[in-house]
Amino acid sequence: MKIVVLVKQVPDTAEERKLDPETGQLDRGAADSVVDEINERALEAALRIKDANKGTEVVAMTMGPDDAAQALRKTLSMGADSAVHIVDDSLSGADTGRTAATLAAALRSTGFDVVMAGNESTDGRAGVVPAMIAEHLQLPLLGSLISAEIADDGVRGVRQGEDGTLNVRAGLPAILTVTERFPEARFPNFKGILTAKRKPVTTLTVAELGVPAGQSRTVVLSVAERPPRAAGRKVIDDGTAANELAEFLVANRLV
Amino acid sequence: MSNVLALIEVSHRGGIAASARGLLAAAATLGSPVAVVVSAGPLADDDVARLGELGAARIYSAASAAAGAVLVSPAVDALSGAVDAYEPAAVLTANSVDGREAAARLAVRVGGSVLADVVQVRSDNGTVLARHSVFGGAYTVDSAVEGALPILTIRQGAIEGQAPAATPEVSTVSLEAGTGGTAVVEQFNDDAAISGRPELRTATTVVSGGRGLGSSENFALVEQLADTLGAAVGASRAAVDAGYIAQTAQVGQTGVSVSPQLYIALGISGAIQHRAGMQTAKTIVAINKDEDAPIFEVADFGIVGDVFTVVPKLIEAVKARSN
Ligand SMILES: Cc1cc2nc3c(=O)[nH]c(=O)nc-3n(C[C@H](O)[C@H](O)[C@H](O)COP(=O)(O)OP(=O)(O)OC[C@H]3O[C@@H](n4cnc5c(N)ncnc54)[C@H](O)[C@@H]3O)c2cc1C
Ligand SMILES: Nc1ncnc2c1ncn2[C@@H]1O[C@H](COP(=O)(O)O)[C@@H](O)[C@H]1O
């Protein structure tokens, strides 16, 4: 079985992330870039299938700037067999529609039985790219899963819905997206880091994929930064703090 | 006035989803609201009446044998039928699990563009403008779509108010079974009986608990304070991971974003990913025994103390004052 995991390089959520006030695009210098945690969990799920069945091939795919090669290197050191990097200056600032069209074309040329992605990215929080890809490729999407069983004859999973969970299934090929209920990812070990250097990374351009060169149609009109919050009163409890807080809440009409 | 479609979700148990109010209110600020609803049989009279109350000028009622049995595809088929029928200025869905998948597929099918996780909408000379709250509210970003149908996913609980009531004109269509590429629903597992508490996303007061509560038994303290204040219950990811409470209560980067009048954090350190979901609250209160906990950097009133001694006293003090 061939599993392609879609990984996105994002600014580390543990740091202060910034937008460029002029373009509304991510300020890549502001925070370190990392593999989005949700994509590491998706990769972990794929690697567990490979651990149990050696015939499984795991490919990591990303669309991103040159620097996103580092994200792919990390996935290879965790255990992915190979990687695909779609890199092209014309993709800078691509919106979700253009991103999905490009990834769909790359998936078509790479081939797969299963595509695994995150339910939403921590920078865009759009949660739409995998469903757009599913529509381009006319495939079933099992989205927002909290667990999954992937077998040669199909995928079953539990989807987190709005007022409960749902048991869902689809035949292959299929796309699935995982939520952070999936187990945390493994760390790369020493051997993984060494062998990663020898694993193949294919780079693809927009021209090679034959995706129409169209511009993104969503535009940012303005960006305003909110002033940071200031700390207020801090009291050390000597037995009276609860009363003081109750008075504060009453005085501010909060109770 | 141009038409604006709103995808209305219906629970498999029946009943219009809570997101309908905000969607129709947003649709009414942009044009004439058309509610698009998929159901297995004809739409119930109660549902028609409810959608009218919430401001639907028209209802596009799509009957499909696949409703509830196939994931999302019937909603996409219904929306694309409604796009043909009404030539809308915009399409709105909830930024819910189903809503955003439907918006995404529709965008590819009809050549639209998605503006995701929108917290406010406005029309400027016929252009639909969407406002987003980015990086935990650190930025406010306005965006629009050029030269394509705008498809907006609206953050649940973000739109206040209600559209003026209308008497909807209902058109009923029946959907053909979709072709290939579908995911099948085998079973629904409902959440345990909904508590009488307010909904987390729209509550005016939220009380959240973190790893500092130590166990699911102790987490009851968070619920007691919430009930004293008539508040919703939230949690940190660490509390959810430890199994103290359901994932749906998680506040933060990868959970729910809330902007209540009052947010009380109990035994939560205030990691940047937690703050990303609550730092736009009007007033923040934190109780934590570590005086260096980062939550104090954003708290209007912080108590350095033990939740197990402070919170019971706080409950008593609030009860005494409200009598
Ligand atoms: C990609 C990503 C996404 C994330 N998304 C989220 C998210 O959506 N929401 C979220 O919350 N986190 C999220 N996190 C996790 C986040 O980084 C923190 O790990 C988490 O918020 C910590 O939860 P906590 O504050 O409950 O636990 P801790 O950090 O362990 O803090 C517990 C606190 O309780 C205090 N305490 C202990 N006992 C007591 C007592 N008796 N009385 C008073 N205080 C006490 C301690 O002093 C400590 O400050 C995310 C992380 C990543 C990497
Ligand atoms: N540029 C990208 N490269 C690879 N995968 C992506 C990219 N953008 C989005 N994805 C995948 O789609 C998921 C959801 O992203 P989004 O729709 O942007 O919230 C991510 O977790 C990734 O798995």
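Chain naming here is simple, since letters A, B, ... match the order of the sequence lines and numbering starts at 1 in each.
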Specify the closest pair of heavy atoms between A/Arg217 and B/Gly111, including all atoms of both residues, with the distance to one decimal.
NH2-O, 3.7 Å

Pairwise side-chain contact, B/His12 with A/Leu166, heavy-atom cut-off 4.5 Å (strictly under):
no

Any non-hydrogen side-chain atom of B/Gln250 less than 4.5 Å from a side-chain atom of A/Glu180?
yes

Can you tell if the side chain of A/Asn252 reaches within under 4.5 Å of the side chain of B/Thr283, non-hydrogen atoms only?
no

Minimum heavy-atom separation for A/Arg229 to B/Val298, with atom names?
NE-O, 3.2 Å

How close do B/Ala107 and A/Met132 get, counting heavy atoms only, and between which atoms?
CB-CE, 4.2 Å

If one checks every heavy atom of B/Asp306 against chain A at 4.5 Å, the contacting part turns out to be neither

B/Val114 to A/Thr218 - nearest heavy-atom pair and separation
O-CG2, 3.6 Å

Sub-4.5 Å side-chain heavy-atom contact between B/Phe135 and A/Lys18
no

Under 4.5 Å between any side-chain heavy atoms of B/Phe188 and A/Asp163, yes or no?
no

In terms of heavy-atom proximity below 4.5 Å to chain A, should B/Ala299 be classed as side chain, backbone, both, or neither?
backbone

Write down the atom of A/Glu120, the atom of B/Gln253, and the distance for their closest heavy-atom approach.
OE2-O, 4.1 Å

Is any side-chain N of the basic residue among B/Asp300 and A/Lys234 closer than 4.0 Å to the acidic one's carboxylate O?
no

Are the side chains of A/Glu37 and B/Thr254 in touch, meaning some heavy atoms are under 4.5 Å apart?
no

Would you check if B/Lys313 and A/Leu245 make a side-chain contact, meaning some heavy-atom pair closer than 4.5 Å?
no

A side-chain contact here means heavy atoms from C-beta on lying under 4.5 Å apart; do B/Leu262 and A/Leu249 qualify?
yes

